[in-house]
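Order of appearance sets the numbers: ligands from 1, and atoms from 1 within every ligand.
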Amino acid sequence: MVTDQPTIIVGVLALQGAFIEHIHMLQNIPSVKQVLAVRTEEQLNSVDCLVIPGGESTAMALIAERCNLLEPLRTFVRNKPTWGTCAGMIMLADEATGAKKGGQQLLGGLSICVNRNQFGTQKDSFETMLHFPTILGENQPFHAVFIRAPIITAVKSDDVEILSRLESKVGQTDAETIVAVRQGHLMATAFHPELTRDNRLHQYFVHLALQHKK
Ligand code: GLN
C-alpha cells in the first residue's frame, strides 16, 4: 500500500534573524517529517534542505564564520535545495552591491546580483501584493512584507527563472523589479513570507525540495 508519509527533514538556519517564524510555518506542512534549527555542521548534515531566513546578512555571515559554518554552508547550497528569504537571498547571491564597508561574506550559488537595502531604511518598509504566475497561478496574489529588502538587479544565467516582480513601484526600470527567482534547487525571495499566515511559498519550497532530494 502506498501511504503519503512525511518524508523530508527541513533545516532553518538559526544563527540570527526571523528563523522561529519559518520553523512554525514549516511544521504545519504534511510532507515535512521534522523541522530542525541549524546551528552546527552536524545539524546541517542531517537535513535534506535548508531555509536561510531574513535578518541581517552581515551579522549572519560573521556568526557563520565564527561557528565554522561558512564553508559547510557553501558546499550545502551547491548540492541541496535551499531557499533564501531577504537577508538569506543576499547570502545566496553570487554578487551583492551595497555590501558592508570592507566587504561581506556571501555563500553564492545563485547566478544573480542583488542590491542590499534597495528601498531605504526600516521606516521605508512596505507591504504589497505580488503575483507568482508560474507557481501559484495567475489570479492568486501573495501578500508580501518587505523590510529593508534587497532587490535582484541582474540575472546572470539563462536557467534562472523569474518567479515574481514588483508591479506597483513608480519610476523603476524593469531591472529593478525582480523579487523572486528559482535556479534549479535554489530559490530566493526578497521579502518575508514567514510573517504572514499564507504558507503557499513554504509548500512550494517543500515540493521543490522533494523533487531534488538526494
Ligand atoms: N537589509 C538586510 C541585509 O542587508 C536584509 C533585511 C531583511 O532580511 N529583512 O541583510
Side-chain angles (χ1 to χ4, degrees), residues 10-26 37-39 49-67 69-70 73-74 76-77 82-130 132 142-155 163-166 169 172 175-182 186-199 201-202 205:
V10 186
V12 180
L13 189 65
L15 302 178
Q16 191 269 339
F19 53 87
I20 289 172
E21 293 82 352
H22 273 297
I23 291 173
H24 289 157
M25 285 296 237
L26 290 158
V38 170
R39 296 192 176 90
C49 60
L50 185 71
V51 176
I52 306 179
E56 186 56 49
S57 56
T58 52
M60 219 181 280
L62 276 176
I63 300 168
E65 201 167 10
R66 278 184 205 150
C67 301
L69 261 184
L70 264 184
L73 280 168
R74 285 188 174 126
F76 186 97
V77 305
T82 305
W83 176 18
T85 64
C86 206
M89 174 169 106
I90 298 168
M91 298 292 290
L92 281 184
D94 278 347
E95 275 174 60
T97 56
K100 194 180 76 166
K101 246 189 174 164
Q104 69 183 80
Q105 296 279 359
L106 303 174
L107 303 176
L110 255 183
S111 310
I112 57 171
C113 181
V114 300
N115 184 39
R116 289 182 67 216
N117 302 320
Q118 168 82 10
F119 306 96
T121 61
Q122 191 83 12
K123 67 175 175 28
D124 303 305
S125 300
F126 63 96
E127 299 178 25
T128 191
M129 297 310 278
L130 295 176
F132 287 74
F142 190 92
H143 180 185
V145 181
F146 287 78
I147 304 170
R148 287 181 299 112
I151 199 115
I152 297 166
T153 50
V155 162
L163 300 178
S164 188
R165 286 178 184 271
L166 275 180
K169 284 273 149 186
Q172 282 187 326
E176 292 171 330
T177 57
I178 305 169
V179 288
V181 292
R182 184 184 76 90
L186 298 178
M187 173 172 154
T189 51
F191 52 93
H192 281 262
E194 78 289 5
L195 297 183
T196 64
R197 285 170 182 273
D198 187 343
N199 74 355
L201 289 178
H202 289 79
F205 175 65

Mind listing the closest non-hydrogen atom pair of [X] and [Y] along with its distance?
X    : Y   : value
H192 : G54 : CE1-CA, 3.7 Å
L15  : M60 : CD1-O, 4.1 Å
A96  : I90 : CB-CG2, 4.3 Å

- Item | Residue that, paired with V51, satisfies side-chain contact (heavy atoms from CB on, under 4.5 Å) out of L26, V38, L13 | L26
Show the atoms of ligand 1 that are less than 4.0 angstrom away from any heavy atom in [X].
X    : value
G54  : 8 (O)
H192 : 7 (C), 8 (O), 9 (N)
I90  : 3 (C), 4 (O), 10 (O)
S57  : 3 (C), 4 (O), 10 (O)

- Query: Which is closest to atom 2 (C) of ligand 1 by heavy-atom distance: P150, G55, C86?
  - Reply: G55
- Task: With the side chain counted from C-beta on, respond yes when F119 and I151 share a heavy-atom pair under 4.5 Å apart, and no when they do not.
- Result: yes
- Item | Residue-ligand contact M60/ligand 1, heavy atom below 4.0 Å | no
- Task: Report yes if some N/O of A87 lies less than 3.5 Å from some N/O of ligand 1; otherwise report no.
- Result: yes
- Message: Evaluate T58 for polar contact with ligand 1, using N/O atom pairs at a separation under 3.5 Å.
- Response: no
- Item | atom 1 (N) of ligand 1: the protein heavy-atom neighbour that sits closest, reported with distance to 0.1 Å | N117 OD1, 2.6 Å
- Query: Quick one: nearest non-hydrogen protein atom to atom 4 (O) of ligand 1, plus distance?
  - Reply: R116 NE, 2.6 Å
- Query: Parallel, tilted or perpendicular: which fits the ring planes of F191 and F142, with parallel below 30° and perpendicular above 60°?
  - Reply: tilted
- Short question: side chain of R165, backbone of T177 - any donor-acceptor pair under 3.5 Å? no
